[in-house]
Amino acid sequence: MLVQHLCYYLTDWTGIKPRQEDWDTNKVVKCLKGEPIKGYAQVSVAGTTFRLEERNKQEFLVHLWSALGRSFNSQNQSTAIVPIPNSAGVVGESANYKTLLYAQAIAAASGGKLVALDALRWKAAAGAMHKQAGARSPERRFDNLQVIQKPDRPVVLFDDFITSGSSFIAAVWRLSEVGCLATEGLAVARRTAIQEPKMFKYRQQDLEIPPKPLF
């Protein structure tokens with residue numbers, strides 16, 4: 001599965017001498033999570049350079065989603081952008097969880113090429129997934145994931161950042177059960193264990209989707 005992302009971010013700083021761009025990409029991830037930003041980051045998106053600070057996080061996000069929406073290309077007339085729900089995207093709860101709001105903003109800027117679809121929800125609230133022991137198991141996430149609306153058009157899966165890829169894998173497995181083949185993914189940031197030559201760089205990178213286990 002090809003997944004597009006705009007930058008890498010480091011999660012393990014052991015033995016690493018940080019560069020400015022390493023700090024900058026981690027501040028972008030903090031912005032996506034809604035966490036406080038200390039200091040500032042110098043970030044360029046679609047030709048516009050931002051001095052990203054706590055005071056202008058929302059302005060930055062508005063520009064980011066607009067740029068992603070305008071740049072989306074597809075041979076299909078209309079594609080569903082299906083967000084992987086964050087921890088607040090639980091069955092029965094209101095449709096205002098973070099990744100859905102992000103997907104809606106991207107779709108609104110796409111000129112009709114994208115339609116945001118609230119198709120996946122967690123069956124039970126589990127807190128912040130990335131903070132739990134064992135939460136990065138795709139099998140565990142698959143067990144807790146439910147399709148609440150079957151997509152009626154091609155799908156691109158969206159998440160704000162990718163740590164292990166287990167949520168993407170679980171989402172592909174679950175959607176395949178209703179006859180939906182998701183072959184593309186989109187994220188803002190993707191975890192790396194090494195310092196890439198360029199942390200800010202648009203990339204299309206393969207994410208291996210293993211066969212769905214027989215449960």
Side-chain angles (χ1 to χ4, degrees), residues 1-10 19-37 39-86 89 95-118 153-163 165 167-168 171 182-192 196-207:
M1 179 185 197
L2 279 180
V3 180
Q4 304 173 43
H5 64 278
L6 300 182
C7 66
Y8 282 112
Y9 71 102
L10 282 165
R19 305 163 298 180
Q20 185 59 48
E21 61 184 304
D22 301 325
W23 296 118
D24 289 347
T25 51
N26 273 261
K27 286 183 172 65
V28 169
V29 171
K30 284 185 175 294
C31 179
L32 294 170
K33 293 179 180 179
E35 296 178 355
I37 293 177
Y40 72 93
Q42 204 74 13
V43 184
S44 293
V45 177
T48 299
T49 299
F50 273 83
R51 181 185 168 98
L52 174 60
E53 302 174 79
E54 180 66 24
R55 64 176 179 82
N56 68 349
K57 288 192 303 186
Q58 290 307 310
E59 180 185 352
F60 169 74
L61 289 176
V62 167
H63 177 76
L64 176 62
W65 307 136
S66 179
L68 287 176
R70 293 195 310 269
S71 65
F72 181 79
N73 289 311
S74 176
Q75 296 180 347
N76 300 298
Q77 189 173 14
S78 181
T79 300
I81 179 169
V82 173
I84 294 171
N86 57 288
N96 62 355
Y97 59 89
K98 179 166 57 72
T99 49
L100 177 60
L101 297 178
Y102 290 170
Q104 289 170 339
I106 295 170
S110 72
K113 292 179 288 186
L114 289 168
V115 176
L117 187 64
D118 181 18
R153 63 194 73 200
V155 163
V156 56
L157 284 172
F158 167 76
D159 208 350
D160 44 7
F161 57 93
I162 302 173
T163 302
S167 290
F168 268 92
T183 58
E184 293 181 76
L186 173 64
V188 177
R190 186 166 182 166
R191 176 192 175 274
T192 181
E196 301 288 340
K198 289 187 177 181
M199 299 295 279
F200 280 106
K201 185 179 179 181
Y202 169 81
R203 292 173 174 87
Q204 285 188 320
Q205 188 173 351
D206 188 57
L207 174 65

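The residues of the chain are indexed from 1 along the displayed sequence. As the structure is a prediction and not an experimental result, all values here were calculated from the model.
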Notebook entry, point to check: Just by distance, do the side chain of Thr25 and the backbone of Tyr8 share a donor-acceptor pair under 3.5 Å?
Noted result: yes
Checklist line | Cationic N near anionic O, under 4.0 Å, Asp24 to Lys27 | finding: no
Notebook entry, point to check: For the atom pair CD (Gln4) and CZ (Phe72), what is the distance rounded to the nearest 0.5 Å?
Noted result: 7.5 Å
Notebook entry, point to check: Between CG of Leu117 and CZ of Phe158, what distance do you get to the nearest 0.5 Å?
Noted result: 14.5 Å
Check: With side chains defined as the heavy atoms from C-beta onward, is the minimum distance between Thr48 and Phe60 less than 4.5 Å?
Finding: no
Note to self: Can you tell me how far apart CG (Leu186) and CG (Asp160) are? Round to the nearest 0.5 Å.
What the structure shows: 10.5 Å
Margin query: Below 30° counts as parallel, above 60° as perpendicular, anything between as tilted: where do the rings of Phe50 and His63 land?
Written below: tilted
Check: Is a side-chain donor or acceptor of Asn56 paired with a backbone partner of Glu53 at a separation under 3.5 angstrom?
Finding: yes
Margin query: Can you tell me how far apart CD1 (Ile81) and OG1 (Thr99) are? Round to the nearest 0.5 Å.
Written below: 10.0 Å
Checklist line | Tyr102 side chain to Pro83 backbone, donor-acceptor under 3.5 Å | finding: no
Check: Hey, is the main chain of Val3 close enough, under 3.5 Å, to the side chain of Gln205 for a donor-acceptor pair?
Finding: no
Check: Quick one: side chain to side chain contact (heavy atoms under 4.5 Å, CB included) partners of Ser44, sequence neighbours excluded?
Finding: Thr49
Note to self: Test of understanding: with side chain to side chain contact (heavy atoms under 4.5 Å, CB included), list the residues that count as partners of Gln58, not counting sequence neighbours.
What the structure shows: Leu61
Next item on the list: Answer whether the closest heavy-atom distance between the side chains of Val115 and Arg153 falls below 4.5 Å.
Entry: yes
Margin query: According to salt bridge (charged side-chain N to carboxylate O under 4.0 Å, His left out), does anything in residues 39-49 pair up with another residue at least two apart or in another chain? List the pairs.
Written below: none
Notebook entry, point to check: To the nearest 0.5 Å, how far apart are CG in Leu52 and NZ in Lys30?
Noted result: 12.0 Å
